[in-house]
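We count ligands from 1, going down the list as the structure has it; atoms in each ligand are counted the same way. Along the sequence shown, the residues carry numbers beginning at 1.
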Amino acid sequence: MSEDRIPGFDTLAVHAGAQPDPTTGARVTPIYQTSSFVFDDADHAASLFALEAFGNIYTRIGNPTCAVLEERVAALEGGTAAVAVASGHAAQHLVFYTLMEPGDEFIAARQLYGGSINQFGQSFKKSDWNVVWADTDNIETFENAVTPRTKAIFVESIANPGGRITDIAAISKVAKRAGVPLIVDNTLATPYLCQPLEHGADIVVHSATKFLGGHGNSIAGVIVDGGTFNWTRENRYPLLSEPNESYGGIILYETFGNFAFAIACRMIGLRDFGPTLSPFNAFLVLNGIETLPLRMQRHCENALAVAEFLSNHPKIAWVNYAGLPGDRHYNLAKQYCPKGAGSVFTFGVKGGYEAGIQVVSNVYLFSHLANVGDTRSLIIHPASTTHRQLTEEQLSAAGAGSDVIRLSIGIEDKDDLIADLNTALESVG
Ligand SMILES: *Cc1c(COP(=O)(O)O)cnc(C)c1O
C-alpha cells in the first residue's frame, strides 16, 4: 500500500497493527506465548521501568500479540491507543479505577448489559464509586443527574438486551457541559456499524468476547482512549494529573498527552490488578476481526429478515428491532448505525413468561445460552436467566420484562433461522 493513502475500514480490519514477523517472516501474527522478555542491557531495563522507553517487560502489562490487537482496535475506532484486557468487565473495572476516587459518582444508562448493572450497582459500591441511573430515551435524566462529584457518563451504543440506539451526540453534550468523559460500550455495534468517538465519546470499551472475536471462543475486552479529553481540568482525575510515586514522580498527562488515559489503564490498572488477556485469546480475537466487516453485513441482513418474519407472526406481541421501519429507534439507527442496526434484539411472545420458556425450549438450530455476537444464532429468555437477579422494575427498565426473548442472529442461512423459529412458535399455546 502506498504511504500517502489512508486505508479504508475493511483494509484496517485485516492489516492494522500487523506486519510480517521480523525474525521468522511469519505472515500471521504469532502467539508470543511467553510471560517475560529479555532486556538488552541494564540501562534498557531501567528505562522501561521508568516509562522512559516503550518495550516488553512482562505479559501482565503488555505482550506483542496483544499489542497488535490493541493497535488494530484503536485504528478501527479512530482512537489514539488501546489496552487489551481479560474481559469486557475487566475493561470497565480498569476504566472506572482510573477515573474514580472513593465517594465519586458516575451516571450510567439504565439500558445496559445485565452484568454491568450488577458491577456498577453492587460491586463498585464497595470502593464507594456510586452509580446514578439515567434513561437514554430521556436525555434530561442525564442532565439532572450531574453533581460536583460526577466523574463520568457511561452508555452502550446499541443497548443490550433491548436493541435500543443511544443518542451519543446528545449525551456527549451533557458530558462536555459537566466536564466529564463520555464512555461508550460499543460491544453490540462494533466500530463497523458505529464509531462513538466521531459522535463525541472520549473512551470506548468493548467486550471483544462478542462480535469482535465473533466466534464464541474467547473472553476478552478492550479499552480505547479517544485522546480527546483534557485530564488536567480542576485536578479532578489525580491518577492522570498528579505526580505518580511509582514512576519517579512523573505526571502521566504531561508525559503522554493524548494517550495518557490508556497508559494509566495499563501501567497502573493492569499492573496492579492484573486482568491480562492471554496472547492465545488475543490471537483468536485478531483472527475474528479480519472478517468483522463481512460478518457484520451478514449479521445485520439476517437480523432484519428474522425481525420482519417475527413482526408478521400472529403469536408475536411485539418486536424491538431498530432496523425495522416504524421502530421507535429507527431514526436514531439511521443516524448512528446506517449500515445496519446490529443483530441483537428482543421480541415478546403472546402468553408472557411461560410462552417465552416454550420458545427457548423448542428451537434446534438456535443455541439456548448466555452470549451474543457468535457466528451461530443464539436465543435466551433474560427474565429467567441473565437478568433474573433484577427486580420487576429494573427488568422492564432494562428492556428485559418477563415476556422478552433476546436473539443474537448469526451468519447461517436466514431461511433456516426463520424455519427454526417458526417450528418453535408452533409449540406455543
Ligand atoms: C458481554 C458484555 C459485557 C461484559 O463482557 P465480558 O467479556 O463478558 O466480561 C459488557 N457489555 C456488553 C454490552 C456485553 O454484551
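- For Tyr321 and Phe347, the ring centers sit 6.0 Å or farther from each other.
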Put together the list of close N/O pairs, under 3.5 Å, between ligand 1 and the protein, could you?
| residue | atom | partner | partner atom | Å |
| --- | --- | --- | --- | --- |
| ligand 1 | 5 (O) | Ser207 | OG | 3.0 |
| ligand 1 | 7 (O) | Gly88 | N | 2.9 |
| ligand 1 | 7 (O) | Ser207 | OG | 2.8 |
| ligand 1 | 7 (O) | Thr209 | OG1 | 2.7 |
| ligand 1 | 9 (O) | Gly88 | N | 3.1 |
| ligand 1 | 9 (O) | His89 | N | 2.9 |
| ligand 1 | 11 (N) | Asp185 | OD2 | 2.7 |
| ligand 1 | 15 (O) | Asn160 | ND2 | 3.2 |
| ligand 1 | 15 (O) | Lys210 | NZ | 2.7 |

Does Asp21 form a salt bridge (charged side-chain N to carboxylate O under 4.0 Å, His left out) with Arg27? I'd like the steps, not just the answer.
CA-CA 7 Å; Asp21 184 61; Arg27 188 62 192 87; over 6 Å; no
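- Between Trp231 and Tyr237, the ring center distance clears the sub-6.0 Å criterion.
- Salt-bridge check for Arg376 with Glu412: failed, with every basic side-chain N at 4.0 Å or more from each acidic carboxylate O.
- Shown here are the side-chain contact (heavy atoms from CB on, under 4.5 Å) partners of Ala159, two or more places apart in sequence or in another chain: Gln111, Glu156, Arg164.
- Between Tyr97 and His93, the angle of the ring planes lies from 30° to 60°, which puts this pair in the tilted group.
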